[in-house]
Structures are given as structure tokens and as C-alpha cells.
Participant: 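Okay, handing you the structure first.
Treat the numbers as computed from the prediction; the structure is a model and nothing was measured.
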Amino acid sequence: MNNKIIIFNPKSANTKHRIPNSILQVGASIHGKYDYVFVDGNVENDPLKIILNYFNTGEFKYFCSTVMPGPQLKQAIPFTKKIKELYPESITIWGGYFASNQYKVCMDSGYVDYIVNGPGDNTFPQLLDVLEGKNDQKKILIRNLIYKDENDNIIQTVKEALLDQDSLPQYPYTYFNTFYPLESYLAKTFMGKRTLAYHSSMGCPFSCSFCAVVPIYNAKWKAKSAENIYKDVQYFKEKYNIDALEFHDNNFFTSKKRVLEFSKLVINDNIEWWGEGRIDTINKYSDEDLQLMRKAGCRMMFLGAETGNDDVLKQMNKGGTQSGQMIKDFVLRMKKADIIPELSFVLGLPAKDEKTVYEQILWDINFIKEIKTINPDTEIIIYLYSPVPTEGSELYQQILDAGFSFPKTLEEWINPSWEKFDLRKNPLTPWLKPYMIDKIQNFETVLNGYYPTVSDFRIKGYKKQILKLISGYRYKQGIYKLPYEIKVLHKIWKYRQPEIEGFYSE
């Protein structure tokens, strides 16, 4: 076999797709050093056939896949297993949150050879150099790497400090365009007709015990400068006429200075944008700062409210200064600034007894309704608490003590119930009883009927009026049980919940 490389993005959604920035970053790390190809499972009708055709040429040796929890596992797991069966001399390398967080089950599968544990900007090319005999460095000295030694022991090397993002090589957009037209990834969303997905920073400076990125980045954060972000925006504006941006950072708003600099740069470009942040971080921005951001196109922010219960916030190790009162004050500020706050809530954490778990759920349902009274434009995202392997945290110990455990084989992870677990729609946790799940999901259905998300821009006019009329009595009276009439309309109109597949796009 030769030493060419396949970089694979498994399918993650069924509709209009975003630019797969994760594999573009991998490609950037070896561009000009190794021959490689991209395969995007979101676009290909039969990606496995494409991959096997590459291997059949005899020129390819490496199969490298990004692996996120949820839908991507349905291709990543069986494809990698099949490749290893047909080409046992091939070398398989995984990266992404799932591979890093569930590395033990991956390495014990027998068909994953290496895991890039976090950013691979240095790790990936260094590993290839060693495997190709271009460097006699010992693998144990390559940071951010997981592999098995000759005694079948899993080795997890030292974590590398996050790199200066401005010094990293540019994404190989032009090369990627030879495989898949970049034009096809620019989606019509509620923000604009040509929306670009962009990644401007790495990590998050907080250590919430329910968050999957915490074990990977260890509360570290690094970002591109506002100037370099704007250079990329200008490139896509001039070449592809983009008019909207989705910042897919874990925490875009960490640096107020950077956000305001970017806002000043983009203020005259007629571009609307969305990003993720923390309430207690953005609450430190002045009203003038928020007004500048809105003028510069900031349309919506995704924010982890998690709960309005201060005691539960402490249980989550949310950190910072966030409180239930701050959330209420914040959504009012957003109303005045004309920026839509998109708040995520996590319901169903463990507690001392069943009664307390249920009381906390009811408490947050009422809190969400209070938020909607303060600012009706607030978008609400509801997740069922799904444990993440943040070993050493008090919350993680609580879930172990309650009898929860993760699958022992990779094949179990593609069971439909575990896929829903990864989407935070099926917790599989022993303390969350069926009647509690029904209460949460039925409330969510009624809420989405009375306040359909603005991001699904098909639900407007008479559709929105009918949904609001049908849901109104239930919502106002707190009657959530068996909301079949709302579910039927959601199904007929193919209502799209952004927490499952992102914003509706065309």
C-alpha cells in the first residue's frame, strides 16, 4: 500500500449541510506534506463505496475520521470496522469529542488504532511522520495521542497546551472545493440567504461537569484575532457573497475585546451572525456594547442557562457568577438590545430522592415560563441530562452511585436508544422515571407550539397562528399531557428543533 490518507466526515444531518470545519482543520495540518482526500458523509449517497474505491487503488493506507457523539457513530463505527476487516494493514485514526471522551471502548474495539485526543494540529502530522519513518520520535512523546502499546496497554500521552490560533495554517478551502463545491454549503437560514459556518476559537475557560468539552480542553481557551476572522469573512463575502455567519465555537464571547473589535470591522458588511456564550460573561458587556453588536449584525446568542435553580447550578459546577436572577435580568437586557437569547436548559439531574428530582423539573418548567413572560422572544432549548465522562467530578460520582454506566462496546453505541442519549433526548439514567420524561417532553411540545422557534422560518403566518391557538389553553393552564394535536401539526409541517439538527436551512 502507498501512504495516502482519507479524511472522513461521517453523516450528522439529513438536510442542508454546513462546511465540515473539523476535517478542514485536519487537512490544514498536513496540507503540502502528505497526499490526502476528503470524503463528506453528509453529501455522498454511498460514502463507504467512495472510501473502498480509494482503498482498492492500493494507494491509500490511512483512514481518519472525526467522530462526534450521536448520528455520526452510525457511519464511523461500521465503516471503520469494515475497512479494518477488508484492509487489515490499513491504519485507522479517530478524532473528535466521542473518541476523546470514550477512548477506552474505542481502543478495545480492535479496529481503532489511534485517537487524536483533542486538537490535532501538531499531533496528526507528528504521528504520520513516525508511522512513515520520517521521524524516530517515540510515540509516547507525541502529545494529545491515545494508542495501545506492545503489551496491549492503553497509553494516553500528555496533553498539549492550546496553540496560538493565528499561527495555524489556513484551512485548505480551495483544495476542499475540488471535492465538494463550497457554494453548496452556504445555507439559507433565518439570518440570511447564504450562511457560512465558521470556527474561530478552541476550548472553553470553564469546567461545567455536564459538558463534553471539559475533559478535552481542561478549561483552556484560545482564539483567532478579530482581524483574522474578518479576513476570512471578507474572502467569503467577495467570492461567495455570504450574508450570515454561524460561529460554531464552544464559547465565542469569551473575550469582550475580540467580539467588539470584530463587530466594528463587520458593521458595514450587512452580515447577521450567531454565536455561543455564557450569560455571566456577556452580562459584563455594557448596554452600549450590546447595541454595537446588534448594529454589527448579532441576531441571536446561544447561552447555557441550564437551570434557574441556584443549588442545581452549583451541583453542575457551572462556575462563574450565574444565578437564576441573573438569567431573568439578562433576557430583559437582550430584549432592550433586540438580540434574541437562545437559552438551553438541562432537566433531570440526580438528586437525593425521586421526589426531589421531580420537584426540580417542575421548578424549572415554571422558571422557563417566567422567562417567556419577561422576554417572549427568548428561544428555549430543552435537554434531558445525559452524563458525560468527566471523571473526578462530584456529579460524575453521583451518576455512578446511582447505577449509570456507559456501553462496553462500540457496537452498543449505535443502538437507537444510545443515539438519542447522545442527542440528550433519552437519558437512560435510572433516577429519571418515565413519568418525568413524559412531563418534560410534553411541556416541550406545548412550548414549541405556543412559541415556535424563529429559526424554522417556514413556521409563520397561518401556521404559527394555528399552532399558537391550539397550544394556548394548554400552555396557560399548565395542561401538558398527551399533546397529540400539536405533535400532528409539527409532523405535518416537519417542524425542526434546532438542538437536534441545527437551524432549519435550505
Participant: Verify side-chain contact (heavy atoms from CB on, under 4.5 Å) between S505 and F190, making sure each step is shown before the conclusion.
Facilitator: CA-CA 8 Å; S505 57; F190 77 102; over 6 Å; no
Participant: Do any N or O atoms from the side chain of D353 and from the backbone of T356 form a donor-acceptor pair under 3.5 angstrom?
Facilitator: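 Between the backbone of T356 and the side chain of D353 there is a qualifying donor-acceptor contact (under 3.5 Å).
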Participant: With V26, which residues qualify under side chain to side chain contact (heavy atoms under 4.5 Å, CB included), at least two apart?
Facilitator: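 Side chain to side chain contact (heavy atoms under 4.5 Å, CB included) list for V26, sorted by chain: I7, F124.
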Participant: Side chain of Q72, backbone of P10: donor and acceptor closer than 3.5 Å?
Facilitator: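 Confirmed, Q72 side chain pairs with P10 backbone.
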Participant: Any ion pair linking D232 and K224 (charged N to carboxylate O, less than 4.0 Å)?
Facilitator: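 A salt bridge links K224 with D232.
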Participant: Does Y484 have more than 12 heavy atoms from other residues, nucleotides or ligands lying within 6.0 Å of its OH?
Facilitator: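 Result for OH/Y484: open.
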Participant: Going by the ring-ring contact (aromatic ring centres under 6.0 Å, His included) test, which pairs reach into residues 323-351, not counting sequence neighbours?
Facilitator: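 Matches after skipping sequence neighbours: none remain.
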Participant: Anything under 30° is parallel, anything over 60° is perpendicular, the rest tilted; go ahead and classify F247 against Y198.
Facilitator: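 Rings of F247 and Y198: perpendicular, as their planes differ by over 60°.
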Participant: Tell me whether T189 contacts the main-chain N or O of M191 through its side chain, where contact means a donor paired with an acceptor under 3.5 Å.
Facilitator: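 Present.
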Participant: Could you go step by step and tell me if L24 and F176 meet the side-chain contact (heavy atoms from CB on, under 4.5 Å) rule?
Facilitator: CA-CA 8 Å; L24 276 165; F176 182 82; 3.6 Å; yes
Participant: Is a side-chain donor or acceptor of N144 paired with a backbone partner of P119 at a separation under 3.5 angstrom?
Facilitator: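 It does hold such a pair.
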Participant: Indicate the ring-plane relationship of Y475 and F443, choosing parallel, tilted or perpendicular according to the 30° and 60° boundaries.
Facilitator: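 If you compare the ring of Y475 with that of F443, the planes turn out parallel.
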Participant: Decide if the gap between the ring center of F252 and the ring center of W273 is smaller than 6.0 angstrom.
Facilitator: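 Yes: the rings meet the under 6.0 Å criterion.
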Participant: Counting only N and O atoms by type, is there a donor-acceptor contact under 3.5 Å from the side chain of T373 to the main-chain atoms of K369?
Facilitator: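 A pair under 3.5 Å: yes.
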Participant: Could you report the tightest heavy-atom contact between L290 and A337, atom names first, then the distance?
Facilitator: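 Shortest heavy-atom contact: CB-CB, 3.9 Å.
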Participant: To the nearest 0.5 angstrom, please state how far the CG atom of L447 sits from the CG atom of N442.
Facilitator: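 L447 CG to N442 CG: 12.5 Å, rounded to 0.5 Å.
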Participant: Would you confirm whether D269, through its side chain, and I271, through its main-chain N or O, come within 3.5 Å as a donor-acceptor pair?
Facilitator: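 It does not hold such a pair.
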Participant: Is there a side-chain contact (heavy atoms from CB on, under 4.5 Å) between I229 and V233 once you walk through the steps?
Facilitator: CA-CA 6 Å; I229 298 171; V233 172; 4.2 Å; yes
Participant: How close do L73 and I414 get, counting heavy atoms only, and between which atoms?
Facilitator: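 Smallest interatomic distance, heavy atoms only, reads O-CG2, 3.3 Å.
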Participant: Report the residues that fulfil side-chain hydrogen bond (donor to acceptor under 3.5 Å, both in side chains) with S286, sequence neighbours left out, ordered by chain and then residue number.
Facilitator: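 By the side-chain hydrogen bond (donor to acceptor under 3.5 Å, both in side chains) rule, S286 matches E288, D289.
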Participant: Please identify each residue that fulfils ring-ring contact (aromatic ring centres under 6.0 Å, His included) with Y217, with sequence neighbours left out.
Facilitator: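 For Y217, no residue satisfies ring-ring contact (aromatic ring centres under 6.0 Å, His included) once neighbours in sequence are set aside.
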Participant: Could you list the residues that satisfy side-chain hydrogen bond (donor to acceptor under 3.5 Å, both in side chains) with Y180, not counting sequence neighbours?
Facilitator: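 In terms of side-chain hydrogen bond (donor to acceptor under 3.5 Å, both in side chains), with neighbours along the sequence ignored, Y180 is linked to E44.
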Participant: Aromatic ring centroids of Y495 and Y504 under 6.0 Å?
Facilitator: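 Between Y504 and Y495, which both carry aromatic rings, the centre distance is not below 6.0 Å.
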Participant: Quick one: pull up NZ in K335 and CG in D377 and give me the separation to the nearest 0.5 Å.
Facilitator: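 Atom-to-atom, K335:NZ and D377:CG are 7.5 Å apart.
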Participant: Can any side-chain N or O of Y230 pair as donor or acceptor with the backbone N or O of L265 at less than 3.5 Å?
Facilitator: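 Flag set: sc Y230 to bb L265 pair under 3.5 Å.
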Participant: Say whether, by atom type as modelled, one donor and one acceptor occur between the side chain of R194 and the main chain of Y240 under 3.5 angstrom.
Facilitator: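 At least one qualifying donor-acceptor pair exists.
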Participant: For K264, is the NZ atom crowded, meaning more than 12 foreign heavy atoms sit under 6.0 Å from it?
Facilitator: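 Counting neighbours around NZ of K264, 12 or fewer heavy atoms of other residues, nucleotides or ligands fall under 6.0 Å, so no.
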Participant: Would you give the length of the straight line joining atom CE of M68 to atom OG of S22, rounded to the nearest 0.5 angstrom?
Facilitator: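 So the gap between those two atoms works out to 8.0 Å.
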Participant: Can you list every pair that meets salt bridge (Lys or Arg N to Asp or Glu O under 4.0 Å) and has a residue in residues 447-460, with sequence neighbours left out?
Facilitator: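 Matches after skipping sequence neighbours: D456-R458.
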Participant: May I ask you to say whether K231 pairs ionically with E227, meaning some side-chain N is under 4.0 Å from a carboxylate O?
Facilitator: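 Looking at E227 together with K231, the answer is no, because their closest N to O distance does not fall below 4.0 Å.
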Participant: Just jot down the salt bridge (Lys or Arg N to Asp or Glu O under 4.0 Å) partners of K491, sequence neighbours excluded, or say none.
Facilitator: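 If we apply the salt bridge (Lys or Arg N to Asp or Glu O under 4.0 Å) test to K491, skipping adjacent residues, there are no hits.
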Participant: Output yes when a side-chain donor or acceptor of Q360 lies under 3.5 Å from a complementary backbone atom of V357, and no otherwise.
Facilitator: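 Not at all, since once roles are kept as given, no pair shorter than 3.5 Å links the two residues.
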Participant: Show your working on side-chain contact (heavy atoms from CB on, under 4.5 Å) between Q156 and N117 and close with a plain yes or no.
Facilitator: CA-CA 8 Å; Q156 188 173 13; N117 183 23; 3.3 Å; yes
Participant: For E342, give me all partners under side-chain hydrogen bond (donor to acceptor under 3.5 Å, both in side chains), at least two apart in sequence or on another chain.
Facilitator: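 Partners of E342 by the side-chain hydrogen bond (donor to acceptor under 3.5 Å, both in side chains) criterion, ordered by chain and then number, come out as W274.
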Participant: Passes salt bridge (Lys or Arg N to Asp or Glu O under 4.0 Å), E379 versus K372? Steps please.
Facilitator: CA-CA 9 Å; E379 296 270 304; K372 276 292 193 180; 5.6 Å; no
Participant: For D243, give me all partners under salt bridge (Lys or Arg N to Asp or Glu O under 4.0 Å), at least two apart in sequence or on another chain.
Facilitator: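 By the salt bridge (Lys or Arg N to Asp or Glu O under 4.0 Å) rule, D243 matches no residue at all.
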Participant: Within a 6.0 Å radius of atom NZ on K314, are there more than 12 heavy atoms belonging to other residues, nucleotides or ligands?
Facilitator: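 No - once you tally the heavy atoms of other residues, nucleotides and ligands closer than 6.0 Å, there are 12 at most.
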Participant: Just jot down the side-chain hydrogen bond (donor to acceptor under 3.5 Å, both in side chains) partners of D40, sequence neighbours excluded, or say none.
Facilitator: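 Checked D40 against side-chain hydrogen bond (donor to acceptor under 3.5 Å, both in side chains); matches are N9, Y185.
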Participant: How many angstroms lie between OH in Y462 and CG in L467, if you round to the nearest 0.5 Å?
Facilitator: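 Reported to 0.5 Å precision, the distance equals 10.5 Å.
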Participant: Under 6.0 Å from the NZ atom of K464, do we count more than 12 heavy atoms belonging to anything else shown?
Facilitator: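 Counting neighbours around NZ of K464, 12 or fewer heavy atoms of other residues, nucleotides or ligands fall under 6.0 Å, so no.
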Participant: Looking at R333 and D287, does any basic side-chain N land under 4.0 Å from a carboxylate oxygen?
Facilitator: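 Counted as a salt bridge, because a side-chain N and a carboxylate O are separated by less than 4.0 Å.
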Participant: Taking only Lys NZ, Arg NE, NH1 and NH2, and the carboxylate oxygens of Asp or Glu, determine whether E359 and K355 approach each other closer than 4.0 Å.
Facilitator: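 Yes, E359 and K355 are salt-bridged.
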Participant: Please check if the distance between the ring centroids of Y173 and F236 is under 6.0 Å.
Facilitator: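 Yes, they do, as the ring centres are separated by less than 6.0 Å.
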Participant: Roughly how far apart are M436 CE and T429 OG1, rounded to 0.5 Å?
Facilitator: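 M436 CE to T429 OG1: 9.5 Å, rounded to 0.5 Å.
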Participant: Can you confirm whether K193 is buried at NZ, in the sense that more than 12 heavy atoms of other residues, nucleotides or ligands lie under 6.0 Å from that atom?
Facilitator: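 No, not enclosed.
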Participant: E354: which residues meet the salt bridge (Lys or Arg N to Asp or Glu O under 4.0 Å) condition with it, sequence neighbours left out?
Facilitator: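 For E354, no residue satisfies salt bridge (Lys or Arg N to Asp or Glu O under 4.0 Å) once neighbours in sequence are set aside.
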Participant: Not counting sequence neighbours, which residues clear ring-ring contact (aromatic ring centres under 6.0 Å, His included) with Y235? List them please.
Facilitator: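 Y235 satisfies ring-ring contact (aromatic ring centres under 6.0 Å, His included) with no other residue.
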Participant: Main chain of S471, side chain of E485: is a donor-acceptor contact present, judged purely on distance under 3.5 Å?
Facilitator: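 No.
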